[in-house]
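Because only heavy atoms are used, hydrogens play no part in the values below, and waters and symmetry mates are left out as well, while side chains stay in.
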Amino acid sequence: FWVSGKMYGVIKCRAAVAWEPSKPLVMEEIEVAPPQAHEIRIKIVATGVCHTDLYHLFEGKHKDGFPCVLGHEGAGIVESVGSEVTKFNPGDKVIPLFISQCGQCRFCKSPKTNLCEKGWASDRYDVMSESDTRFTCKGKKVLQFMGTSTFSEYTVVNEIAVAKIHPSAPLDKVCLLGCGVATGYGAALNTAKVEPGSTCAVFGLGAVGLAAVMGCKNAGAKRIIAIDINPTKYEKAKVFGATEFVNPKDHNKPISQVLYEMTNGGVDFSLECVGSVAVMRSALESCVKGWGVSVLVGWTDMDDFAARPIQLIAGRTWKGSLFGGFKSKDGVPKLVNEYLEKKVKLDEFVTHNMTLAQVNDAIQLMKTGDCIRSVLSVALQ
């Protein structure tokens, strides 16, 4: 039904549903309920496919996290708003956020962190969704992955997890700022706090790693060593500012030793953008003693990490970064503006443009490492 020009009712639309772990996604017609108080219903125009979607499907596989609609790197247009929503209107361009920013909790009020006590991330890291959802399919409740679910033509998100962006922003590019690019870029700038003239190493050259390379460059690093076991990634890394490339497979000694010898004792900053505890250790051990900083960026919660205490006693710092340290509602619109001002690259990350119906092909491309980012067109703009 319509109230003052806004439609309030259930929308039936297409979505890619993950019915169970490790199985292909299935294109289904789902029902999307109207937005409740403080909620926004968004028409998703474009979405990236991120490794964290694959992590939930193939690695985390928590039984209580299915069925769900994956996707958390999207951009779209406000379709309708629930009661109490005053800062968004139908037609606004927006990016749904997997980290909320309520502005009221102790974390939001602190400049030290971008965490927020509201939303799925506060206590449901294992399941990766809230128990409440606006989706149903075939009479079953379908969870909203990371609170967003961008593999659907429509989704409903709380306003504390939506960023309003510049009206001229191309949604099929700025969607990448919903996760991967913001994550890597901010890990270098905000978390590592890369310094001008420094030497950096970035482990893993997917979208997150390449964004970290871009962050190191924009911070003024002098040497940026890009590390990946896939040599085809080097040309791409150069585009974002890498000065050197090392393939661990080309060496018969540990990568940390290779970097130690290349840099007179280790790098100033290293960023792990894979999500492997073994690579995390290598990244730490590649740092110079005294002041080296290593940042964990790749998402994983499967294994313990390990290192010798002397690594830290000798003055290295080991820290982690979530969403690049950006407070989400504040940071994403600024990043969109930086893209429009050509200060941040986005187009260069996109290697494949596909449709939502091809989502399983996009997942396969990411599994084999044959893409940087596949962007799926979801609903017509």
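At a threshold of 4.5 Å between non-hydrogen side-chain atoms, the residues H352 and D361 do not count as touching. Residues V336 and K93 have side chains not in contact (no heavy-atom distance under 4.5 Å, counting atoms from C-beta outward). Counting heavy atoms from C-beta on, the side chains of V288 and D268 come closer than 4.5 Å. The shortest side-chain heavy-atom distance between I42 and T150 does not fall under the 4.5 Å cut-off. At a threshold of 4.5 Å between non-hydrogen side-chain atoms, the residues V85 and E39 do not count as touching. Side chains of M27 and L356 form a contact here, defined as non-hydrogen atoms less than 4.5 Å apart. Side-chain atoms of C273 and V202, non-hydrogen and from C-beta on, do get closer than 4.5 Å to each other. Looking at heavy atoms from C-beta onward, L177 lies out of side-chain contact with I165 at the 4.5 angstrom threshold.
Considering NZ of K118 and SG of C102, their distance stands at 4.0 Å, rounded to 0.5 Å. Between atom CG of residue L143 and atom NE2 of residue H56 there is a gap of 7.5 Å, rounded to the nearest 0.5 Å. Here the CD atom belonging to E195 is positioned 10.0 Å from the CH2 atom belonging to W291, to the nearest 0.5 angstrom. With rounding to the nearest 0.5 Å, the separation of CD in Q364 from CG in L54 is 9.0 Å. Taking CG of N158 as the reference point, atom CD of Q36 lies at 10.5 Å (rounded to 0.5 Å). Atoms CG and CZ, on L70 and F145 in that order, are 5.5 Å from each other to the nearest 0.5 Å.
No continuous path of hydrophobic side-chain contacts links I227 to L296 [ILVMFWY only; heavy atoms under 4.5 Å]. Put simply, V279 and I225 are part of the same group of oily side chains (I, L, V, M, F, W, Y) that touch within less than 4.5 Å, one to the next. Linking ILVMFWY residues whenever their side-chain heavy atoms come closer than 4.5 Å, directly or via other members, leaves L271 and V267 in distinct clusters. Under the 4.5 Å side-chain contact rule for hydrophobic residues, V332 and I160 do not share a cluster. Tracing side-chain contacts under 4.5 Å through hydrophobic residues (I, L, V, M, F, W, Y), one reaches L322 starting from M146; they form part of the same cluster.
Atom CG of D347 is surrounded by more than 12 heavy atoms from other residues, nucleotides or ligands within 6.0 Å. By the neighbour-count criterion of 12 heavy atoms within 6.0 Å, atom NZ of K345 is sparsely surrounded, having that number or fewer from other residues, nucleotides or ligands. Atom CD1 of I229 has 12 or fewer heavy atoms from other residues, nucleotides or ligands within 6.0 Å. The neighbour count for Y260 OH, taken as heavy atoms of other residues, nucleotides or ligands under 6.0 Å away, does not exceed 12.
Cation-pi geometry between K173 and Y339 is not met at under 6.0 angstrom from the ring centre and within 45 degrees of the axis.
Judged purely by atom type and a 3.5 angstrom limit, T263 uses its side chain to pair as donor or acceptor with the backbone of L259. Between the side chain of K43 and the main chain of L380, a donor-acceptor pair closer than 3.5 Å is present. Remark: the backbone N or O of A314 is not paired with any side-chain donor or acceptor of Q311 at under 3.5 angstrom. Proximity of a side-chain donor or acceptor of K238 to a complementary backbone N or O of T243 within less than 3.5 Å is not detected. In this structure, the side chain of D370 does not engage the main chain of L365 through any donor-acceptor pair within 3.5 Å. Distance alone, capped at 3.5 Å, is enough to place a donor-acceptor pair between the S149 side chain and the V69 backbone. Between the side chain of D228 and the backbone N or O of Y234, no donor-acceptor pair lies under 3.5 Å. Formation of a donor-acceptor pair under 3.5 Å by the T155 side chain with backbone atoms of T148 is found in this model. For the pair Q144 (side chain) and R134 (backbone), a donor-acceptor distance under 3.5 Å is present. Side-chain N or O atoms of Q358 include one that pairs as donor or acceptor with a backbone N or O of T355 at under 3.5 Å.
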Handout entry: Stepwise side-chain contact (heavy atoms from CB on, under 4.5 Å) test for R373 and C50
Key = CA-CA 8 Å; R373 266 297 184 269; C50 171; 3.5 Å; yes

Exercise for the section: Could you give me the CA-CA distance, side-chain angles and deciding distance for M262 and E244, then say whether side-chain contact (heavy atoms from CB on, under 4.5 Å) is met? Expected result: CA-CA 10 Å; M262 284 173 67; E244 294 148 83; 3.4 Å; yes

Practice task
Apply side-chain contact (heavy atoms from CB on, under 4.5 Å) to the pair W318 and S294, showing each step before the final yes or no.
Solution key: CA-CA 5 Å; W318 215 3; S294 188; 3.8 Å; yes

Problem - R316/K289 under side-chain contact (heavy atoms from CB on, under 4.5 Å): CA gap, chis, key distance, verdict - result: CA-CA 6 Å; R316 294 175 189 85; K289 65 185 178 184; 3.6 Å; yes

Expected list for residues 213-220: side-chain donor-acceptor pairs under 3.5 angstrom, two or more places apart:
residue	atom	partner	partner atom	Å
N218	ND2	Y185	OH	3.1
N218	ND2	K343	O	3.2

Return all side-chain donor-acceptor pairs below 3.5 angstrom for residues 11-24, not counting sequence neighbours, or 'none' if the list is empty.
residue	atom	partner	partner atom	Å
R14	NE	E153	OE2	3.4
W19	NE1	E28	OE2	2.8

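Taking every heavy atom of both residues into account, A362 and V49 meet most closely at CB-CG2, 3.9 Å. Closest heavy-atom contact between S168 and L340: OG-CD1, 3.9 Å. Minimum heavy-atom separation, T351 to I372: OG1-N, 3.0 Å. The two residues C200 and V194 make their nearest non-hydrogen contact at SG-CG1, 3.6 Å. Residues S270 and F203 approach most closely at CB-CE1, 4.2 Å, considering heavy atoms. Across every non-hydrogen atom of V359 and L25, the tightest pair is CG2-CD1, 3.9 Å.
Using cut-offs of 30° and 60° on the angle between ring planes, the pair F323 and F98 is perpendicular. Below 30°, between 30° and 60°, or above 60°: for F240 and F349 the angle between ring planes is between 30° and 60°, a tilted geometry.
Using a 4.0 Å cut-off between charged nitrogen and carboxylate oxygen, K87 and E159 do not count as a salt-bridge pair.
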